[in-house]
> 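The structure under discussion is supplied below as structure tokens; questions concerning it will follow.
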There are 2 protein chains.
Amino acid sequence: MLTERQLFILQLLINDYIQTAEPVGSRTISKREDVTFSSATIRNELADLEEMGYIEKTHSSSGRVPSEKGYRFYVDNLLSPPVLSKNEVNNIQSLFAERMVEVEKVIQQSAGILSELTQYTSIILGPEVFETKLRQIQIIPLSKDTAVVILVADSGHVENRTMKIPPSVSMSDIEKVVNIMNERLKDVPLISLKSTMMKEMATVLKKHIENYNEVNMMLENLFLYTNAEKVYYGGKTNILTQPEFKDINKVRLLLNTFEQDEVMYNVLRPEKNGIEVKIGQENDLEAMQNCSIVTADYFIEGKRMGSIALLGPTRMEYQRSMGILGFLANDLTRTLTDRYQSFKHW
Amino acid sequence: MLTERQLFILQLLINDYIQTAEPVGSRTISKREDVTFSSATIRNELADLEEMGYIEKTHSSSGRVPSEKGYRFYVDNLLSPPVLSKNEVNNIQSLFAERMVEVEKVIQQSAGILSELTQYTSIILGPEVFETKLRQIQIIPLSKDTAVVILVADSGHVENRTMKIPPSVSMSDIEKVVNIMNERLKDVPLISLKSTMMKEMATVLKKHIENYNEVNMMLENLFLYTNAEKVYYGGKTNILTQPEFKDINKVRLLLNTFEQDEVMYNVLRPEKNGIEVKIGQENDLEAMQNCSIVTADYFIEGKRMGSIALLGPTRMEYQRSMGILGFLANDLTRTLTDRYQSFKHW
DNA sequence: TTTAGCACTCAATCACTTAGAGTGCTAACA
DNA sequence: TGTTAGCACTCTAAGTGATTGAGTGCTAAA
């Protein structure tokens with residue numbers, strides 16, 4: 001168990017290190033005005049804290065640096081509830097005051113604000129297709145053997161893909177299929193479009209359509225990609241300003257990871273509700289083992305729709321980051337729920 | 001005027017420097033088996049070449065490095081017509097053999113291949129809206145005051161935006177507007193949609209629509225953004241492996257530039273036809289003044305549709321890059337023209 | 001005109017020193 | 001018994017000087 005004083009010293013040390021990125025020595029701590037005991041006492045305490053694994057030395061005569069265990073303890077036990085500055089609150093609220101029409105834009109802007117306020121990299125996972133439902137499906141022919149299929153979701157999200165039409169399938173068949181789809185698939189969640197289609201439509205299609213097999217193949221291809229959520233970034237290169245990223249190879253590794261959406265999905269899919277912090281090695285990805293990620297979820301009508309995150313060095317301003325992130329997640333939840341209800345109850 | 005031998009030496013020097021990234025000395029050159037004269041002779045020649053500004057020293061007793069003038073001369077006069085290896089040709093052609101349906105995908109894959117073959121960063125400017133024409137316009141209501149507008153171009157390109165509908169405008173009005181638009185705006189190039197609309201539709205609209213002013217405002221907003229071409233990247237971080245990018249600030253500057261599409265449009269819009277090379281300071285952007293860019297255009301039915309580019313250090317493998325780029329531009333032109341014709345003559 | 005030879009320059013590297021920040025330990029003190 | 005002053009010790013960072021080697025420019029001879 002840690003004594004009061006050890007807690008205090010650990011807190012001071014981590015705060016100092018977060019600011020300076022330099023190992024913190026006993027003298028530095030003792031010079032603070034709210035510290036009454038001497039550097040020698042602090043040395044003793046530091047030795048104990050080190051023995052317990054909360055702090056480390058970079059070399060035998062260096063100051064101390066928080067270990068990951070130390071950060072974990074700090075985040076779990078030593079943070080006071082975050083207070084946002086007026087400026088920060090204004091910044092965020094003026095964003096939502098704008099009442100932008102497009103969800104994509106709201107999210108992109110949120111990412112921008114997050115990274116601007118924190119100087120870290122912000123990552124937002126767009127609303128999951130999970131909950132959005134099909135509003136309408138349309139097919140527009142482009143040439144004798146290609147057409148564009150357009151799916152409109154009730155969230156206003158539009159997806160389109162170009163597809164090849166086998167020669168054996170006639171345009172009137174296609175029209176029939178589309179009509180049937182619009183009847184049967186309306187309000188089906190995008191995510192289960194494929195399975196619902198296979199179940200619900202097979203018999204109907206067989207009855208009305210000549211070339212059932214070709215059509216079926218075509219439709220299978222159409223819904224092949226569960227077109228996953230988009231990942232939005234703000235301040236992608238902000239993280240490069242951190243001294244821990246002077247090594248260009250780390251940078252490359254990280255930036256490459258950013259490009260792989262599938263990988264990022266997993267990074268952002270939090271394991272528990274609320275604000276979650278992953279510190280250093282707690283991240284599975286090699287590229288992120290010098291980083292910490294703070295994630296929060298946003299909701300629509302109480303259902304989790306996506307998440308927003310801040311990526312910084314392990315030496316991250318956790319308190320402030322968590323505060324800003326939580327606040328924005330709330331506003332995002334409120335805004336999107338409002339909007340969704342206006343769509344739904346229409 | 002340069003003598004034969006000076007040309008030869010300059011060529012050797014640049015080739016060597018492109019490979020090694022190290023200043024080249026007279027001895028290094030003299031050791032090559034196709035060099036018959038001594039290092040002392042080469043020193044004299046190097047001194048002359050330096051005086052003429054084709055090469056530089058990094059310090060008073062260092063080997064020589066090509067100047068930008070030197071690279072320029074090299075590119076303009078010393079390159080033999082590029083020969084692609086079988087492997088390279090196969091790689092590129094197997095890409096186009098796939099016959100992907102979506103233009104976006106073709107382009108994305110091209111970017112991938114380019115960066116893989118060259119280890120530089122590839123940048124492709126998607127087909128310009130310039131030549132593609134409107135095929136159909138659709139409006140799908142989302143709630144009582146919002147709707148999604150979908151524009152489908154004859155290239156298969158789909159654009160959509162969500163818009164607010166003023167309360168004074170009725171759904172039937174909207175339908176009328178859409179009908180009129182589909183009549184009048186079909187086959188109008190996307191780029192001139194707005195102006196054509198203003199000219200052609202004003203009188204018709206006034207006649208048929210009650211709230212002409214509101215509707216007009218709405219439409220103006222709709223076409224406000226000339227939704228510009230997309231920029232595709234391959235190997236965004238490849239350039240970081242080059243030794244000239246060990247400075248993290250240069251990296252940041254460059255990567256930030258990549259994020260700004262509008263800036264990149266100008267980078268990629270070439271001044272003349274054919275394969276163009278911009279070396280170092282010839283680039284306007286500060287972030288790219290250590291870089292060279294090779295650009296080539298691709299065409300549809302003889303009309304320029306976009307460009308593809310390779311970004312590397314000034315010490316770039318110009319000959320190979322130009323070869324690969326030109327070859328791919330050709331194939332892209334062929335593929336897209338084929339496809340476009342199948343759309344157009346349908 | 002070419003080349004061998006030589007003096008000279010400079011960056012890079014290594015060994016060495018010094019300064020300073022930090023530690024751990026011990027002994028004295030409250 | 002907990003705290004602190006004092007001191008020896010450690011290690012890094014920064015600076016100095018010597019050495020090496022790759023390179024140059026110049027000169028004089030072939």
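Every chain is numbered from 1 and lettered A, B, ... according to where its sequence line falls, protein lines coming before strand lines.
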> Determine the minimum heavy-atom distance between G70(B) and I14(B), stating which atoms define it.
O-CD1, 3.7 Å
> Tell me the salt bridge (charged side-chain N to carboxylate O under 4.0 Å, His left out) pairs involving residues 16-31 of chain B, sequence neighbours left out?
none
> How long is the straight-line distance from CD of E317(A) back to CD of Q119(A), given to the nearest 0.5 Å?
10.5 Å
> Please report, rounded to the nearest Å, how far the P atom of dA22(D) is from the CD1 atom of I42(B).
17 Å
> Rounded to whole angstrom units, what separation is found between the NE2 atom of H59(B) and the P atom of dA11(C)?
5 Å
> Between Y120(B) and S321(B), is any side-chain donor less than 3.5 angstrom from a side-chain acceptor?
no
> Heavy-atom count check: over 12 atoms from other residues, nucleotides or ligands less than 6.0 Å from E259(B) CD?
yes
> Hey, could you give me the CZ/CD1 distance between F327(B) and I275(B), rounded to the nearest 0.5 Å?
12.0 Å
> Taking atom CG of L2(B) and atom CG of N77(B), what is their separation to the nearest 0.5 Å?
9.0 Å
> Would you mind building the protein contact string for nucleotides 20-30 of chain C? One character per nucleotide, 5' to 3', B for base within reach (heavy atoms under 4.0 Å), S for sugar-phosphate only, - for untouched.
--SBB------
> Working to the nearest 0.5 Å, report the span between CG of L311(A) and OG1 of T121(A).
5.5 Å
> Could you tell me the separation between the CD atom of E22(B) and the P atom of dA22(D), rounded to a whole number of Å?
13 Å
> Angle between the two end axes of the helix from dT1(C)-dA30(D) to dA30(C)-dT1(D), five base pairs per end, rounded to 10 degrees?
20°
> Is there a side-chain polar atom (N or O) of T41(B) under 4.0 Å from OP1 or OP2 of dT2(C)?
no
